[in-house]
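Here the structure is a predicted model, which means the values were calculated and not measured.
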Number of protein chains: 2
Amino acid sequence: MREVRYLEIAADLRKRVEAGEFSAGGVLPSEADFTRAYGASRVTVRKALESLRDGGLIDSRQGFGWFVAVDRVRQSLAQLSTIERDLAERGVVTERQILDFAFVAASAHVRGVLGVDQVLRVRRLNLADGSPFARVTVWCPAELGASLSRADVAARPFYDLLPVEIGGATQTIGAALAESADANVLAVPVGSPVLRCERVTRDVDDHPVLLSVHVFPAHLTEFVVDLPSPSSLSLVE
Amino acid sequence: MREVRYLEIAADLRKRVEAGEFSAGGVLPSEADFTRAYGASRVTVRKALESLRDGGLIDSRQGFGWFVAVDRVRQSLAQLSTIERDLAERGVVTERQILDFAFVAASAHVRGVLGVDQVLRVRRLNLADGSPFARVTVWCPAELGASLSRADVAARPFYDLLPVEIGGATQTIGAALAESADANVLAVPVGSPVLRCERVTRDVDDHPVLLSVHVFPAHLTEFVVDLPSPSSLSLVE
DNA sequence: CAGTGGTCTAGACCACTGG
DNA sequence: CAGTGGTCTAGACCACTGG
């Protein structure tokens, strides 16, 4: 594997920033300093810095310097960002707490989406540093979930567990009021606003293999969508 | 305003690609060609090309060349769909009813985003076949809005009216409860769920030129996001 | 004012592609 | 093989920041 200098520098800088070598909001050494310290040209140093900026870790102001980003992450590579991802990027420990694991008869809606009568239904809570931030219900065809254990679905994402190759997904984002089932586990009042996402995940042959509903308290969650071009803008005006 | 060469080149290339000068999947001229044609250094040409790749418009393969992207990573952006768009596609008549048109002092938040003290603030209602489906508030710097009339903003989208070239936007999607101002004009009860979108629109130089807040009744509206590839899926699991 | 990041040039070597 | 994009250098001028 050929060593790519700017990636090496970026990786090193990321480690140093994440290790807290520079305080949050704190200023980094200047590009000239890095040029000397890493023995690389300024262009290469800048390429490393810019890649970290794309990741939202650091930011810069002309005439001032580079500094550790305090603002919300703005991932330019990803079109859709969630609090789950932001948390993971910031090193917060996320885990899944399984509330319910059962093979059940599909409801009409679930049968309509997945096309089967018997499904594995998993209800879980997504936690960040021990605090719940999403209540998730996942359904998959009983046949596909037959070999899964409750421990499996706690340890890894469903995508990794299914014996099929995942193709893509379609997600809808809506607003709703917290029901008592949500409110109890998410520690919000009944009737408070929540974001409710319903996602249909398909395999490479475009057959639906997962249906999931994610409920996020509104005060914790926001979806960020970058619309990079004028042509995409006209779609939502 | 200083001209930034790589942004000029990027804008020109974007126009040419979107005009279909290169067929979908088709190969672009080489970097060496562009260097000659634009009279800029290869580094500058590459910076323009890379910015378009970040936008998902084009892609490259080492030893092969640059080509128009077919499986656009950013495709899902073009597929962010709203009820507004769906309505327009179905031939429903949409119109804007201006509720308020005023030059006012910017709030701290608006000033923070737009960087100016005086703004034009327009409140409007978006209607579909005569029924309201969104309450929108738009702020733009007073200087940019100086030549706009109330009739202008009723007749055409803000994007078409501003004397600047629009680059892109970043939108956040959240949930909230209807306030009385929303409830009155949207014909929903106070405290019912709404989707609340805040969008920052930038010009081609990446300066914010518009801030807008869109409030949709939850029972009328749903955002649909296609996540076409497994790699984009991992971002939201 | 000195120091900073933002842009840009004109070179260079390399890995990779396709014929 | 010739041509391509990917990386990298050592300079340069500029706009902007803060004191």
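Residue pairs satisfying the salt bridge (charged side-chain N to carboxylate O under 4.0 Å, His left out) criterion with at least one member in residues 101-115 of chain B, sequence neighbours excluded, are listed as follows: B:Arg111-B:Asp117. Pairs of residues two or more places apart, or lying in two chains, that qualify as side-chain hydrogen bond (donor to acceptor under 3.5 Å, both in side chains) and include a residue from residues 135-148 of chain B are B:Arg135-B:Asp182.
In this structure, B:Leu28 atom CG and D:dG5 atom P are separated by 9 Å, rounded to whole Å. Between the CG atom of A:Asp33 and the P atom of C:dT4 there is a distance of 6 Å, given to the nearest Å. Between A:Arg53 atom CZ and C:dG6 atom C1' the separation is 9 Å, expressed in whole Å. Rounded to whole Å, the distance from CZ on B:Phe34 to C1' on C:dT9 is 19 Å. When the P atom of D:dT17 is taken as reference, atom CZ of A:Phe67 falls 12 Å away, rounded to whole Å. Across the protein-nucleic acid pair, A:Leu49 atom CG and C:dG6 atom C1' stand 13 Å apart, rounded to whole Å. Between the CD atom of A:Glu31 and the P atom of D:dC16 there is a distance of 17 Å, rounded to whole Å. The distance from atom CZ of B:Arg5 to atom C1' of C:dT7 is 12 Å, rounded to the nearest whole Å.
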Below 3.5 Å is the cut-off: list the nitrogen or oxygen pairs between protein and nucleotides 10-12 of chain C, distance only.
residue: C:dA12; atom: N6; partner: B:Arg42; partner atom: NH1; Å: 3.1

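In terms of phosphate contacts, B:Lys47 brings a side-chain nitrogen or oxygen within less than 4.0 Å of OP1 or OP2 of C:dT7. Proximity of A:Arg61 to the phosphate of D:dG18: a side-chain N or O atom is located under 4.0 Å from OP1 or OP2. Taking only side-chain nitrogens and oxygens, A:Tyr6 comes nearer than 4.0 Å to OP1 or OP2 of D:dT7.
Side-chain atoms of B:Arg150 come within 3.5 Å of backbone N or O of B:Ile98 as a donor-acceptor pair. With hydrogens and angles disregarded, a donor-acceptor distance shorter than 3.5 Å links the side chain of A:Asp33 to the backbone of A:Ser30. When atom types are taken as modelled, the side chain of B:Thr44 and the backbone of B:Ala40 share no donor-acceptor pair closer than 3.5 angstrom.
Remark: DNA chain D takes part in the stems C:1-18 with D:1-18, each of 3 or more antiparallel Watson-Crick or G-U pairs, criterion distances under 3.5 Å.
When the nucleotides D:dG6, C:dG18, C:dG5 are ranked by their closest atom to the side chain of A:Ser30, C:dG5 comes out on top. Nearest to the side-chain atoms of B:Ser60 among the listed nucleotides D:dG5, C:dG6, C:dG18 stands D:dG5. Taking only side-chain atoms of B:Gln62, from C-beta outward, the nucleotide of D:dT7, C:dT7, C:dC16 with the closest atom is C:dC16.
At most 12 non-hydrogen atoms from other residues, nucleotides or ligands lie less than 6.0 angstrom from CD of B:Glu179.
Residues meeting the salt bridge (charged side-chain N to carboxylate O under 4.0 Å, His left out) test with A:Arg61, sequence neighbours left out: none. Under the rule for a side chain to side chain contact (heavy atoms under 4.5 Å, CB included), the partners of A:His219 that lie at least two apart in sequence or sit in another chain are A:Val188, A:Pro217.
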query = Under the salt bridge (Lys or Arg N to Asp or Glu O under 4.0 Å) criterion, do B:Glu50 and B:Lys47 qualify, and how do the steps go?
reply = CA-CA 5 Å; B:Glu50 284 168 350; B:Lys47 203 159 179 188; over 6 Å; no
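Annotation: of the two residues near DNA chain D, A:Thr44 and B:Pro29, the 5′-most nearest-nucleotide partner is B:Pro29.
Taking the six-membered ring where tryptophan is involved, the planes of A:His214 and A:Phe216 are essentially parallel, since the angle between them stays under 30° and well short of 60°.
Residue-level contact check: B:Arg46 touches the bases, meaning some heavy atom is under 4.0 Å from a base atom.
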